[in-house]
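Let me begin by presenting the structure, written as structure tokens, before commenting on it.
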Protein chains: 2
Amino acid sequence: MTQKLTILDIAKLAGVGKSTVSRVLTNDPKVKPETREKVEQVIRESGYVPSKSAQAMRGGSAKVVGIILSRLDSTSENKAVRGILEVIYQAGYDAVIMESQFSAEKTNEHLAVLQKRNVDGVIVFGFSDCDLSSIEKLKHKAVVIAVDTDSISSVGYDNQGVIELAMNHFIEQGKQNISYVGVDPSDKTTGLMRLNAYLECCQRFGIESCYQTGQLSHESAYQLADDVIKTKTQAIVCASDTLAMGVAKRLQELNRTDIQVSGVGATDLLSFIYPNTFSIDPGYHQAGQSSANLLIKQLNGQHEVTHLTQQASL
Amino acid sequence: MTQKLTILDIAKLAGVGKSTVSRVLTNDPKVKPETREKVEQVIRESGYVPSKSAQAMRGGSAKVVGIILSRLDSTSENKAVRGILEVIYQAGYDAVIMESQFSAEKTNEHLAVLQKRNVDGVIVFGFSDCDLSSIEKLKHKAVVIAVDTDSISSVGYDNQGVIELAMNHFIEQGKQNISYVGVDPSDKTTGLMRLNAYLECCQRFGIESCYQTGQLSHESAYQLADDVIKTKTQAIVCASDTLAMGVAKRLQELNRTDIQVSGVGATDLLSFIYPNTFSIDPGYHQAGQSSANLLIKQLNGQHEVTHLTQQASL
DNA sequence: CTGTTAGCGCATTCAA
DNA sequence: TTGAATGCGCTAACAG
């Protein structure tokens with residue numbers, strides 16, 4: 001990194017006015033090809049890098065989107081983030097990422113910081129008692145993931161679908177005794193919606209329901225497992241791969257190789273360790289892409305509020 | 001978000017000059033407490049947010065650090081990133097995060113983008129054939145993690161220590177037949193250094209070495225396992241938790257509950273699934289913190305090149 | 001202590 | 001098609 005070159009230095013070096021250089025930078029068509037070529041040449045040779053800060057200030061857009069996720073080490077979220085990055089990077093944006101750690105307060109702080117930075121838009125990963133009010137103020141400049149709201153564009157997971165997919169799979173195999181292990185219904189999406197999907201499936205197919213809910217951890221599922229393992233149990237549907245892990249472990253200890261387990265999350269580790277197992281893919285990566293595409297579309301003028309639901313797949 | 005308020009609006013509203021407002025913003029001590037109070041009052045009530053873009057342009061510092069990691073879904077890296085975020089956020093910086101995907105080319109592109117953005121500093125997670133040359137140009141504005149270099153400050157993991165810790169643990173338990181599963185030595189750190197540590201330990205303690213190296217995946221370790229499992233084997237040290245997972249799985253199939261396995265990474269999942277197992281913690285989180293602290297110290301004028309090695313622990 | 005002035009690097013008028 | 005001039009929002013001299 002040599003001295004900070006400015007647009008003026010380039011102008012002098014190329015023997016043109018600084019606005020001409022600016023035009024080249026902004027791809028203004030009103031530049032004689034020759035001139036453009038010469039300027040680009042100089043830019044290349046000098047290693048000049050236009051200052052985004054200045055551009056941001058001038059143009060109003062910093063070409064940055066903020067991403068607020070609950071935890072960086074959440075596999076679901078970082079799969080989605082990878083999808084987001086692909087898309088926004090393609091569109092010339094960069095990302096500043098922050099962790100809410102499931103705190104509404106932190107989320108708001110981050111939101112404030114992001115505003116200060118003049119970010120063009122924000123993508124927020126929702127969590128149980130996420131405070132949407134401050135996000136709503138951003139209107140079309142925000143997209144939320146995995147959260148229910150009308151006022152703001154969102155990409156949701158198909159909480160019903162992920163469970164139905166697993167249930168159908170087992171039922172097609174002729175299984176009639178299917179248990180369920182989930183998380184506490186106080187969590188609207190992963191908790192309540194998935195449990196309801198299970199219960200509805202049971203009703204629809206005349207299956208006697210048998211379920212337990214608890215924390216979103218291996219240990220919790222491991223402990224809950226015994227309560228849903230009956231002699232006639234043929235399969236256990238779990239609300240997430242983490243839970244499936246705990247259940248599968250217990251089954252292995254009990255030598256119940258006859259019982260199949262399903263999870264949600266598409267973790268390759270699950271079926272590697274426990275072969276009698278499969279996982280539904282809620283489409284985290286695509287959800288990330290969709291949310292990013294949605295945001296960019298909105299930043300480009302399409303101000304309609306849109307709600308997408310990510311298709312799940314086996 | 002109401003209309004974009006500027007520092008001038010606040011000045012008028014507070015009945016002071018705009019520089020006074022600026023002084024309040026920058027915490028300049030030379031402001032009469034009264035005046036400061038009044039200005040802060042107005043700022044609060046109006047919901048004014050100073051534009052970072054403008055501040056960045058003016059002051060040269062955008063208060064942003066760039067983080068280039070190889071993969072967002074690497075547990076080791078995102079543990080480290082969480083450490084980094086804690087520290088830099090504390091210091092008033094924000095992070096723009098990018099993925100190199102183990103590509104030197106992408107890394108360079110990202111570096112260029114980050115420069116354009118006037119980031120104050122950069123933290124880069126190294127990988128096998130990481131091209132350091134462009135990072136070196138940043139001098140004291142960069143810190144690399146997990147990579148060997150003299151010219152630039154770095155935080156490294158104690159590749160020798162992580163293996164020695166595991167070996168010592170087994171040896172203290174009186175085990176004499178300890179095998180090793182690692183990754184290809186073409187990878188300098190996780191591959192070569194850890195293998196060498198194993199071999200040295202063997203020599204020092206008069207243990208007959210028995211090892212295999214391959215890819216950094218469960219499958220690879222699973223396949224390699226048979227080659228290092230002898231009748232008299234008492235323990236298997238693995239270069240990472242991922243590998244330990246594969247090895248433990250194979251042991252379970254073989255019913256070799258007599259053999260203990262160790263990994264590196266502090267993944268809680270490992271010992272949850274395979275009780276006869278433990279993991280060495282290379283200190284990812286602290287390494288992240290250290291690197292961030294190091295970077296900030298350097299951004300504040302301390303231009304010495306420093307090399308830190310993160311202590312591992314059981 | 002505080003107001004006034006002058007740029008920071010760039011994109012965009014307006015003339016030429 | 002191009003150059004000169006203007007101002008974005010802010011900080012840092014410089015005077016009061």
Side-chain angles (χ1 to χ4, degrees), chain A residues 1-40 42-43 46-64 92 113 115-120, chain B residues 1-43 46-64 92 113-120:
Chain A
M1 227 156 85
T2 11
Q3 259 315 36
K4 263 280 188 267
L5 291 173
T6 84
I7 201 172
L8 188 59
D9 298 314
I10 304 302
K12 282 183 199 152
L13 254 53
V16 299
K18 55 181 210 160
S19 33
T20 303
V21 178
S22 177
R23 289 191 182 96
V24 171
L25 257 30
T26 51
N27 260 303
D28 190 319
K30 301 193 284 271
V31 192
K32 204 201 303 176
E34 276 181 65
T35 319
R36 171 183 301 275
E37 184 47 52
K38 187 172 56 182
V39 173
E40 282 176 338
V42 175
I43 290 184
S46 63
Y48 161 74
V49 225
S51 149
K52 279 266 180 190
S53 318
Q55 293 181 309
M57 193 183 99
R58 191 59 185 74
S61 163
K63 282 293 198 179
V64 172
V113 172
Q115 267 184 252
K116 255 201 280 220
R117 289 210 176 276
N118 272 324
V119 299
D120 300 87
Chain B
M1 230 157 86
T2 10
Q3 255 317 38
K4 264 281 188 262
L5 290 173
T6 84
I7 201 172
L8 189 60
D9 298 315
I10 304 302
K12 283 185 200 152
L13 254 53
V16 300
K18 53 184 217 163
S19 40
T20 303
V21 178
S22 176
R23 288 191 184 98
V24 172
L25 256 32
T26 51
N27 260 304
D28 190 318
K30 299 193 282 270
V31 191
K32 203 203 302 178
E34 275 181 65
T35 319
R36 172 183 301 276
E37 184 48 52
K38 187 171 58 181
V39 173
E40 282 176 339
Q41 167 98 4
V42 174
I43 290 185
S46 63
Y48 161 73
V49 228
S51 148
K52 280 266 178 189
S53 319
Q55 294 181 308
M57 192 184 101
R58 192 57 186 81
S61 163
K63 284 292 201 179
V64 172
V113 172
L114 291 175
Q115 266 183 251
K116 253 200 282 221
R117 289 211 176 275
N118 273 323
V119 298
D120 300 86

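Order of the sequence lines sets the chain letters (A, B, ...), proteins ahead of strands, with each chain counted from 1. None of the values given here were measured: they were computed from a predicted structure.
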Would you mind reading off the distance between [X] atom [atom1] and [N] atom [atom2], rounded to a whole angstrom?
X      : N      : atom1 : atom2 : result
A/I7   : D/dG3  : CD1   : C1'   : 13 Å
B/R58  : C/dC8  : CZ    : C1'   : 5 Å
B/K116 : C/dC10 : NZ    : C1'   : 14 Å
A/N118 : D/dG9  : CG    : P     : 9 Å
A/L25  : C/dG9  : CG    : P     : 14 Å
B/D28  : C/dG3  : CG    : P     : 13 Å
B/E37  : C/dT2  : CD    : P     : 13 Å
B/M57  : D/dA12 : CE    : P     : 13 Å

Position toward the 5' end of DNA chain D (nearest nucleotide), A/T20 or B/V49
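Checking each residue's closest nucleotide, the 5'-ward one belongs to A/T20.
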For A/T35 and for B/K52, locate the closest nucleotide of DNA chain D by heavy-atom distance; then report the residue assigned to the nucleotide nearer the 5' terminus.
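Mapping each residue to its closest nucleotide by heavy atoms, the 5'-most match is A/T35.
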In Å and rounded to the nearest 0.5 Å, what is the [atom1] to [atom2] distance from [X] to [Y]?
X     : Y     : atom1 : atom2 : result
B/S51 : B/M57 : OG    : CE    : 9.5 Å
A/D9  : A/I43 : CG    : CD1   : 11.5 Å
A/L13 : A/L8  : CG    : CG    : 10.0 Å
A/L5  : A/K12 : CG    : NZ    : 11.0 Å

Among [options], the nucleotide that comes nearest once only the side chain of [X] is considered:
X     : options               : value
A/K18 : C/dA11, D/dC10, D/dT1 : C/dA11
B/K32 : D/dA12, D/dT2, C/dT2  : C/dT2
B/V16 : C/dG3, D/dG9, D/dC10  : C/dG3
A/T6  : D/dG7, D/dC10, C/dG9  : C/dG9

Non-hydrogen atoms of A/T6 and A/Y48 that approach each other most closely
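Scanning both residues, the minimum pair turns out to be C-CE1, 3.7 Å.
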What heavy-atom pair brings A/I10 and A/S46 nearest, and what distance separates the two atoms?
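Nearest heavy atoms, A/I10 then A/S46: CD1-OG, 3.4 Å.
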Can you tell me if A/Q55 touches the phosphate of C/dG9, counting only side-chain N or O atoms and a distance under 4.0 Å to OP1 or OP2?
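Answer no for this pair, as no side-chain N or O of A/Q55 is under 4.0 Å from OP1 or OP2.
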Side-chain donor or acceptor of A/R36 paired with backbone N/O of A/R23 under 3.5 Å
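No, A/R36 side chain to A/R23 backbone: no donor-acceptor pair under 3.5 Å.
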Using side-chain heavy atoms (C-beta onward) and a distance below 4.5 Å, is A/E37 in contact with A/E40?
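They are in side-chain contact.
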Does a side-chain heavy-atom distance below 4.5 Å link B/K52 with B/V64?
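With C-beta onward as the side chain, the pair stays apart.
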Mind grabbing the angle between the end helix axes of the helix from C/dC1-D/dG16 to C/dA16-D/dT1? Five pairs an end, 10° rounding.
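Axis angle across the helix from C/dC1-D/dG16 to C/dA16-D/dT1, nearest 10°: 40°.
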Under 4.0 Å, counting only non-hydrogen atoms across every strand here, what does [X] touch: a base, just sugar-phosphate, or nothing?
X     : result
A/V21 : nothing
A/S19 : base
B/S53 : nothing
B/T26 : sugar-phosphate
A/S22 : base
A/K30 : base

Can you list the steps and then say if B/K63 with A/R117 is a side-chain contact (heavy atoms from CB on, under 4.5 Å)?
CA-CA 10 Å; B/K63 284 292 201 179; A/R117 289 210 176 276; 3.8 Å; yes
For B/P33 and B/A54, find the nucleotide of DNA chain C closest to each by heavy atoms; which residue's nucleotide sits nearer the 5' end?
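Mapping each residue to its closest nucleotide by heavy atoms, the 5'-most match is B/P33.
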Would you list the protein and nucleotides 14-16 of chain D atom pairs, both N or O, that sit under 3.5 Å from each other?
none

Go through the steps to decide whether A/V16 and A/V24 satisfy the test side-chain contact (heavy atoms from CB on, under 4.5 Å), and finish with yes or no.
CA-CA 11 Å; A/V16 299; A/V24 171; over 6 Å; no
